[in-house]
Amino acid sequence: MKRRRTTLLTTAALVAAALVTVPAGPAAADEVEQVKNGTFDDSSAPWWTTSNVTAELSAGQLCADVPGGTANRWDAAVGQNDITLVKGESYRFSFTASGVPEGHAPRALVGLAVEPYDTYFEASPAVSVSGDTYTYTFTSPVDTAQGQVGFQLGGGADPWRFCMDDVSLLGGVPPEVYEPDTGPRVRVNQVAYLPAGPKNATLVTDSTEPMPWQLRNADGRTVARGRSVPRGTDVSSGQNVQSIDFGAYRKRGEGFTLVADGQTSRPFDIGTAAYEGLRADALKYYYTQRSGIEILGSLRPGYARPAGHVDVAPNQGDGNVPCQPGLCDYTLDVTGGWYDAGDHGKYVINGGIATWELLSTYERSLTARTGSPGRLADGTLDIPESGNKVPDILDEARWELEFLLKMQVPAGRPLAGMAHSKIHDEQWTGLPLLPSQDPQKRELHRPTTQATLNLAATAAQAARLYRPYDRAFAAEALKAARTAWKAALAHPDTYPSETDGTGGGA
Ligand SMILES: [Ca+2]
Ligand SMILES: [Ca+2]
């Protein structure tokens, strides 16, 4: 997502630079109303609605009759365009709103009125029948004269009526000062300390002399004690700190606290449970990112969704994907793999390192002194391939490996054996959007040396790890790895283009 954001800000900056008529922003001290006719005294202009919404003035408010049966929140909306926003300036966004019947939470937002429809602030208050006033403060991340104040009202099964009044976007307001709650001055690892691992805490104090500390169990009984070590000023926080080392204490338990300098830490555990859960969650995450297969709610409660980018409308599908115009004259079946981020792109380099990490996790379990491959065995990850007698971590990695193999330029074509760097939408994906709902054209991007080496490395690793389970797949992977390696040596400096960042990261 970081990659995407950087790209969008760059785009926004270009838009702002092109708008030479944009007036200079007001001085920070002046509070200036950006919304026109937010009080609906005798007109609804210049507010717009989507064509399925009927709006009327009613008792000095704007009321919108919203149809039922729309799929997305933006399928029914009311809003106002041509809002000017100044980068770094704080805005107070406020309105009154009501909804009949009860139970609706419209999405109020300030964003970009044109593609890529970036959202700079949003809130989804549950509006009541009697109505309430809502007030929010945010800081604009961009300069634009093409801003929008919008209320997205769709996505519900039944029709309802939304009324609003006193819509205001006040610029030049003081920014909200963030005051973090950093807790007691004895700072501990609240996730948990491993019983046999190092155990360090930090004491924030004015004192430069060693201070006594006590480790207490959940009953409040002191189970260990010692003296802290002065460390001087921490350059990142600017605070004078001392460190507390209680690594000699190795007993498991919950609800320990550390006491020093008159302060008691937040409670913490000594144990492995938190890390066991993290380990399982991290591995199980990949299944939810899969492209080309339905995600089953029975395996990931709450994350069920239809298969994305199979050749079913409105998807254009990944079964027959062309290159960017002028880049090649063939199409490839690049179904499968994992989505890379919140957008719907699939990347060989990002996918390559993730695959390598999974394969290496498995390979290390076979060879390291502390390894225990049984914990990655068949049935450990709750995936569709659980029960096929293949370690689940290999099943998951194979979902990406087969995609990586499909990204290789076919024999007889220019740059044969190289790997296309990525495949994604022609333009940035409109978010939030289920993969199965993405209507955009998909394109293969130029083959690169980096992508090719990622393919060579992961396919070579696959060749040795899958051999006990599927000799044909292992042989196919080895062949692809060798072809990729030769192609990379022949094209050692075919780098990605820094400007290839529309619809996906460069
Ligand atoms: Ca009014
Ligand atoms: Ca399995």
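Counting starts at 1 for both ligands and their atoms, following the listed order. Given the structure is predicted, the values throughout are model-derived calculations rather than measurements.
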Discussion item. Main chain of D382, side chain of R300: is a donor-acceptor contact present, judged purely on distance under 3.5 Å?
Written reply: yes
Worksheet item: Which word best sums up how the rings of F138 and Y91 line up, parallel for under 30°, tilted for 30 to 60°, or perpendicular for over 60°?
Response: parallel
Worksheet item: Can you check whether G337's main-chain N or O pairs, donor with acceptor, with E400's side chain at less than 3.5 Å?
Response: no
Worksheet entry | Partner set under side chain to side chain contact (heavy atoms under 4.5 Å, CB included) for D470, not counting sequence neighbours | R398, A472, F473
Worksheet item: Does the side chain of Y303 come under 3.5 Å of the side chain of T288 through a donor N or O and an acceptor N or O?
Response: no
Worksheet entry | More than 12 heavy atoms from other groups under 6.0 Å of CG on D132 | yes
Discussion item. Suppose the cut-off is 3.0 Å; which protein N/O/S atoms would you list for the Ca ion (ligand 2)?
Written reply: D378 OD1, E385 O, N388 OD1, V390 O, D392 OD1, D395 OD2
Discussion item. Name the residue from F121, F95, F151 that meets the ring-ring contact (aromatic ring centres under 6.0 Å, His included) definition with Y134.
Written reply: F95
Worksheet item: Mind checking what makes salt bridge (Lys or Arg N to Asp or Glu O under 4.0 Å) contact with R73, not counting sequence neighbours?
Response: none
Practice prompt. Give every protein N, O or S atom lying under 3.0 Å from the Ca ion (ligand 1), naming each by residue and atom.
Written response: T39 O, G60 O, D165 OD1, D165 OD2
Discussion item. Both conditions, 6.0 Å and 45 degrees, for the charged tip of R290 above the ring of W399: are they met here?
Written reply: yes
